[in-house]
Trainee: 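Take a look at the following structure, please.
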2 protein chains.
Amino acid sequence: MNNNITLSDIAKALNLSVSTVSRALTDSYQIGDETKQKVLAYAKEHHYVPNRMARSLREGKSRSIGVIVCSIDNSFMAQMLDGIDRYCSERDYQIIIMQSKELYEQEKANVSLLYAGGIDGLLISPSYQTTDFSHLTNLQQAGLPVVLFDRLSNHIETHKVAVDNFKGAYEATVHLINNGYRAIAHLNWNTQLSVATERFKGYQKALEDFGIAFNPDWVKFCDTTNAATLDEELATALQELMALKQRPQAIFTATDLLSTKCLAHLHQSGLRIPDDIALIGFSNTDLAEVLNPSLSTIHQPSFEIGRLAAQQLLTLIADNNTQPFETILLPTKLQVRESSQAKF
Amino acid sequence: MNNNITLSDIAKALNLSVSTVSRALTDSYQIGDETKQKVLAYAKEHHYVPNRMARSLREGKSRSIGVIVCSIDNSFMAQMLDGIDRYCSERDYQIIIMQSKELYEQEKANVSLLYAGGIDGLLISPSYQTTDFSHLTNLQQAGLPVVLFDRLSNHIETHKVAVDNFKGAYEATVHLINNGYRAIAHLNWNTQLSVATERFKGYQKALEDFGIAFNPDWVKFCDTTNAATLDEELATALQELMALKQRPQAIFTATDLLSTKCLAHLHQSGLRIPDDIALIGFSNTDLAEVLNPSLSTIHQPSFEIGRLAAQQLLTLIADNNTQPFETILLPTKLQVRESSQAKF
DNA sequence: CTGTTAGCGCTTTCAT
DNA sequence: ATGAAAGCGCTAACAG
């Protein structure tokens, strides 16, 4: 820990009391301009920085928030964390990141640890396993503000920030339809979280709006949480799809991992994309452009999601958690590349 | 911040003094067994958890360390952070992660912020721009232990943890040689950090040991920090390589990004891998197996690097930074897949 | 406008 | 073996 100067050092040097110095530094109205300037100058000159621990102890706030995500190991998460980080560090709030690794038990453990560690609020993107939210409602009952981001759920009432997954999925599907594809398969994720259900609904609505009959054979759900088995599951799903008598001409994938892995698998099976089968999927990967072929994606404003979620939380903390619950949905962006080009 | 019970709550309930309770909980020898048990039981029952701020303030230590990395946005970093996180959280140390984004100025800003925030020590993997380490030696002079991990440099004397990059590169090159390749190109990163220089040296040494003349035309340095220009640079480099009259038959890439991007580029140019050109590279990507073709890699024990670095730092903190400087190099692992198969 | 004082929760002398 | 008291650095109620 650093050995910087303290308020009392400044007070002694300037022949003032500690409280005067404190007030001067917080720009209190009750301090004379002259004194204020003197204190500010001295503080700056000697690189005064308030002791975080002392302030926290005194204020009963730690100026730190917990952030729980499934895993920091993907660009989408990293981008959201970046947004959170930027907003918080600008306001002198520390973030403590923990990973649930998609495990409910791990998530509960994280929550306990963070709570014990004295966070002022929690930002969480729940694990795919999570269906019971009592560990979060407990937190709320203890007076701690909780903001859900990215992955939402109707099983808990709280503040929420994510994208409009329904609309994003709808647009992706419509894009395929407009490019001449009618037989459109859908790969999704085997979870109850909004990211999955909303995207499925968007897909269905688009088909409906364009008078295309919904075919349950064209929809497959995979467990994307287990990298080891995902490849098998995906291979099986694709095989089944391609073996159908009414073979799909395009696929809309609902998650980052499904999108990239699907591209790889189709490639390996020797299928030409988009000639044999077109592909578009939710993904924020930086490699979309450089994949072979380049991958059409539904892109999410990840940085902004993180930023907004952090903003929500910090506002709640400042307002003593009195704001009414609110759900913010940001728009997605369709990025058309080679993998979903129209057939000639 | 949580409103848990405090020492004084326990003291009151048990009719003891605060100091007795404190000592009982830290298992002091000077407390009777009976009292100790009573206190421990009560504490457990009421979920007592020490107030971090109070303890920090008192001890002059924050029980938090700073971690600076280029970016959390890749699996290798995420894995190392995982190792750091595991070791620290088991010991009730918090980590504060900051990203330099490969920018020297950003890195300096991070260091200042962390120092002001009252960290007990710093774990850093320097940005590629960093050649001046005075911001770190300043920290050392202020008494703060600093541990370099992953990316080392000879320009600063401190504790260091990484892999044996020289040996890893040597083995990769030898692997190619053993598989019948003699004309071996090398793609590296345009920086002074050990990760780059040591890998280059390993490549050269392998050639030398097998009596293969070093050909400077076969070595290209790219700026992997700028994703926007990397693709161009890489395309140019590969074009130049393939246009040589003595065309290389294999490539050894020195970084994660170079390895995956190189594979993509070669693919797009219609070259067959490994028939037209073989490829092996440093990479920890989980996708190595699923790439087309699967990518031979030199794998680093990322989790272990993080764990050891954290262990080093926490030991230094505990020992008041008195340990002599030490450099720990872990072994890499050669993972042979399709992209570097021997020609028939 | 400025100073005095108390207290956040903890550890650690110094007493007993 | 236990307790009393001080103090880490800060803020804020209270007093002038």
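Proteins come first, then strands; the chains are lettered A, B, ... in the order of their sequence lines, and each starts at number 1.
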Trainee: Among D:dT11, D:dG3, D:dG9, find the nucleotide with the atom closest to the side chain of A:Thr6.
Mentor: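 Nearest to the side-chain atoms of A:Thr6, counting from C-beta on, is D:dG9.
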Trainee: Consider the side chain of A:Ser19, meaning its heavy atoms from C-beta on, and name the nucleotide among C:dG3, D:dT2, C:dC10 that approaches it most closely.
Mentor: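 Comparing C:dG3, D:dT2, C:dC10 against the side chain of A:Ser19, the answer is C:dG3.
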Trainee: Under 3.5 Å, is there a donor on one side chain and an acceptor on the other for B:Thr158 and B:Gln140?
Mentor: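 Short answer, yes.
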Trainee: With respect to the side chain of A:Ala54, which nucleotide from D:dC10, C:dC10, C:dG3 is positioned closest?
Mentor: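 So the side chain of A:Ala54 is nearest to D:dC10.
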Trainee: Nearest-nucleotide wise, let me know which of A:Ser8 and A:Arg23 is further upstream toward the 5' end of DNA chain D.
Mentor: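 The residue whose closest nucleotide sits nearer the 5' end is A:Ser8.
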Trainee: Kindly compute the distance separating CD (A:Glu102) from SG (A:Cys70), expressed to the nearest 0.5 Å.
Mentor: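 Between atom CD of A:Glu102 and atom SG of A:Cys70 there are 4.5 Å.
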Trainee: Can you tell me if NE2 on A:His155 sees more than 12 non-hydrogen neighbours from other groups inside 6.0 Å?
Mentor: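 Open: at most 12 neighbouring heavy atoms sit under 6.0 Å from NE2 of A:His155.
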Trainee: Nearest to the side chain of B:Asn51, which nucleotide is it out of C:dC10, D:dC8, C:dT13?
Mentor: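 Between C:dC10, D:dC8, C:dT13, the one nearest the side chain of B:Asn51 would be C:dC10.
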Trainee: Just how far, in rounded Å, is P of D:dA1 from CG of B:Leu14?
Mentor: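 Rounding to the nearest Å, CG of B:Leu14 and P of D:dA1 are 18 Å apart.
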Trainee: Starting at CG of A:Leu7 and ending at P of C:dT2, how long is that distance when rounded to a whole Å?
Mentor: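 To the nearest whole Å, that distance equals 16 Å.
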Trainee: Find the distance B:Gln30:CD to D:dT2:P and express it as a whole number of Å.
Mentor: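 Distance check: B:Gln30 CD to D:dT2 P gives 10 Å.
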Trainee: Distance check needed: C:dG9 P versus B:Glu59 CD, whole Å only.
Mentor: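 The answer, rounded to whole Å, is 17 Å.
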Trainee: Identify the residue among A:Leu193, A:Leu329, A:Val161, A:Val195 that makes a side-chain contact (heavy atoms from CB on, under 4.5 Å) with A:Leu152.
Mentor: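 When side-chain contact (heavy atoms from CB on, under 4.5 Å) is applied between A:Leu152 and each of A:Leu193, A:Leu329, A:Val161, A:Val195, only A:Leu329 qualifies.
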Trainee: With a cut-off of less than 4.0 Å, is there a side-chain N or O of B:Tyr48 near OP1 or OP2 of C:dG9?
Mentor: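 Checking B:Tyr48 against C:dG9: no side-chain N or O falls below 4.0 Å of OP1 or OP2.
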Trainee: Rounded to the nearest Å, what distance is computed from the CG atom of residue B:Asp9 to the C1' atom of nucleotide C:dC10?
Mentor: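 It is 13 Å, rounded to the nearest whole Å.
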Trainee: I'd like to know if the side chain of B:Lys160 reaches the main chain of B:Asn154, judged simply by a donor and an acceptor atom lying under 3.5 Å from each other, with no hydrogens or angles considered.
Mentor: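 No, B:Lys160 side chain to B:Asn154 backbone: no donor-acceptor pair under 3.5 Å.
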Trainee: Does a nitrogen or oxygen in the side chain of A:Arg55 sit under 4.0 Å from OP1 or OP2 of D:dT11?
Mentor: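 Looking at the OP1 and OP2 atoms of D:dT11, one of them is under 4.0 Å from a side-chain N or O of A:Arg55.
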Trainee: Measure CZ/A:Arg58 against C1'/C:dG7 and give the value in whole Å, please.
Mentor: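 It is 6 Å, rounded to the nearest whole Å.
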Trainee: Kindly say if A:Thr20 contacts the phosphate of C:dT2, meaning a side-chain N or O under 4.0 Å from OP1 or OP2.
Mentor: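 No, outside the criterion.
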Trainee: Check the distance between D:dT11's P and B:Met53's CE and give it to me in whole angstrom.
Mentor: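 Taking atom P of D:dT11 as the reference, CE of B:Met53 is at 15 Å.
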Trainee: Heavy atoms under 4.0 Å, any strand shown: does B:Thr35 hit a base, just sugar-phosphate, or nothing?
Mentor: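 Since only primed, P, OP1 and OP2 atoms lie under 4.0 Å of B:Thr35, the category is sugar-phosphate.
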Trainee: Starting from P on C:dG9, measure out to NZ on A:Lys61 and report it in whole angstrom.
Mentor: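 From A:Lys61 NZ to C:dG9 P: 15 Å.
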